[in-house]
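Here is the structure we will look at.
Note that this is a predicted model, so its numbers are computed, not measured.
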Number of protein chains: 2
Amino acid sequence: MKSKEIKDAALKYFTIHGYEGASLSQIAEEAGVKKQSIYAHFKGKDDLFLQVLRDAKETELSSKLQYFNHVGSQNPKEDLYGYLRLAIDLFQKNEHLKFWLRMSFFPPAHLAKEIEKEVIDIIEKEQRILESIFQTWLDAKVIADNLAKTLTYAFLGVVDSIMLELVYGNDEKRLKEKLEASWTVFWRGISLQ
Amino acid sequence: MKSKEIKDAALKYFTIHGYEGASLSQIAEEAGVKKQSIYAHFKGKDDLFLQVLRDAKETELSSKLQYFNHVGSQNPKEDLYGYLRLAIDLFQKNEHLKFWLRMSFFPPAHLAKEIEKEVIDIIEKEQRILESIFQTWLDAKVIADNLAKTLTYAFLGVVDSIMLELVYGNDEKRLKEKLEASWTVFWRGISLQ
DNA sequence: GTCTATAGCGAGATAGAC
DNA sequence: GTCTATCTCGCTATAGAC
């Protein structure tokens, strides 16, 4: 059963070279099979790609859901900061998140519609979790009295900026400094005075 | 002289499909020439790509430099917010910025080193401008007394998050809301209390 | 399910007439 | 500088033996 090896290799090369730039022969070689054997497991390149995409989505989503189920939302500051660290961890530990980001931003044109559906689904789920968390804190007057949506968007902006720095990915020191800077200003910006 | 038409078409297809996904025959058709004619103007696909890259860099850099030469740095709040609006404008008016972002994040592997040099150059220039502006304001005690670098990184984080929302690019309303949220929290976070 | 063999296509690139 | 014609290569995908 070489199915997992093929998907792992596909994830790697789709991430590095994009859909069009990755070839089935590269993927097969990395997986230790002949390229024609791929067709015993997948209908074709599109099918392989979409299965890898769904795995990546599943991995990302479950990691994030697990995080918020685990933390008790008792310490807002620590929990939110921990979420940023989690995102950095996920990115650096396995390739799923980098693959996911690449395909979210620049999907292969002929699969754009299908990919967009998955992307919107995950974005909405993340947003809803954060909104409910911010709402809880608003009710408890822990942070500045404002709309949960504004806080969510501002925080998602911090998440995005960290993601982007990870994608650039050539400077650990700069990543750390940008994280600290964004986080410091964000927390100051939402705190009660 | 079809050179400009070829570069315009190349910019378009490199942006939509990436380096590997864009074909010279598509580009030639869009430019109104046969694909073999491209070789009268460019040594090959790499050469065409790198010339388009340098044009895009030039366009982006000069727009941003011009902005900060134009505004007098008398009104920090308005000037910084204007910079965010400028980035949105640049992105929506022409394709250079989207092309630039795609190639910054996910360069074709065999040209990654050359592209990275250009990317770092532009990032450092933008950063230096912002740092000097924040320093001027720090000296004038207009904003919270802190290091110019922290403020610059936090602001660049806001810029990045807006860029990323533009790249996703399917929701004008969401873009506006994220801009307002990030900007509101950022400004509150750096203001004197 | 994995292999060998091969089809069919489109890619980037070159040669040479005009 | 633009064209027609052509080369070579690597790609996705299929057929059929084991």
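Partners of A:D89 under the side chain to side chain contact (heavy atoms under 4.5 Å, CB included) rule, at least two apart in sequence or in another chain, are A:K93. Residues passing the salt bridge (Lys or Arg N to Asp or Glu O under 4.0 Å) test with A:E180: none are found, sequence neighbours excluded.
Whole-Å rounding puts the A:K34 NZ to D:dG10 P distance at 15 Å. Between the CZ atom of B:F42 and the C1' atom of D:dT2 there is a distance of 15 Å, rounded to whole Å. In this structure, A:I38 places its CD1 atom 11 Å from P of C:dC3, rounding to the nearest Å. Rounded to whole angstrom, the span from the CG atom of B:L48 across to the P atom of C:dA11 amounts to 15 Å.
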| So B:Y19 and B:D46, side chain to side chain donor-acceptor pair (under 3.5 Å) or not? Walk me through it. | CA-CA 9 Å; B:Y19 177 89; B:D46 282 7; 2.3 Å; yes

| From CA spacing to verdict: salt bridge (charged side-chain N to carboxylate O under 4.0 Å, His left out), B:K176, B:E172 | CA-CA 6 Å; B:K176 218 177 152 180; B:E172 186 83 17; over 6 Å; no

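Pairs engaging residues 36-45 of chain A under the side-chain hydrogen bond (donor to acceptor under 3.5 Å, both in side chains) rule: none recorded [sequence neighbours left out]. Residue pairs satisfying the salt bridge (Lys or Arg N to Asp or Glu O under 4.0 Å) criterion with at least one member in residues 118-140 of chain B, sequence neighbours excluded, are listed as follows: B:R54-B:E118, B:K57-B:E118, B:K57-B:D121, B:K64-B:E126, B:D121-B:K125, B:E124-B:R128.
In this structure, the side chain of A:R102 does not engage the main chain of A:P107 through any donor-acceptor pair within 3.5 Å.
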| task | Any chance you could list the contact pattern along nucleotides 12-18 of chain D? Use B for base contacts, S for sugar-phosphate-only contacts and - for none, protein heavy atoms under 4.0 Å, 5' to 3'. | result | BBB----

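Between B:F42 and B:F49, the ring center distance fails the sub-6.0 Å criterion.
Listed by residue number, the members of residues 26-33 of chain B with any heavy atom below 4.0 angstrom from DNA chain C form an empty set.
Considering only side-chain N and O atoms, B:S37 lies nowhere under 4.0 angstrom from the phosphate OP1 or OP2 of D:dG1.
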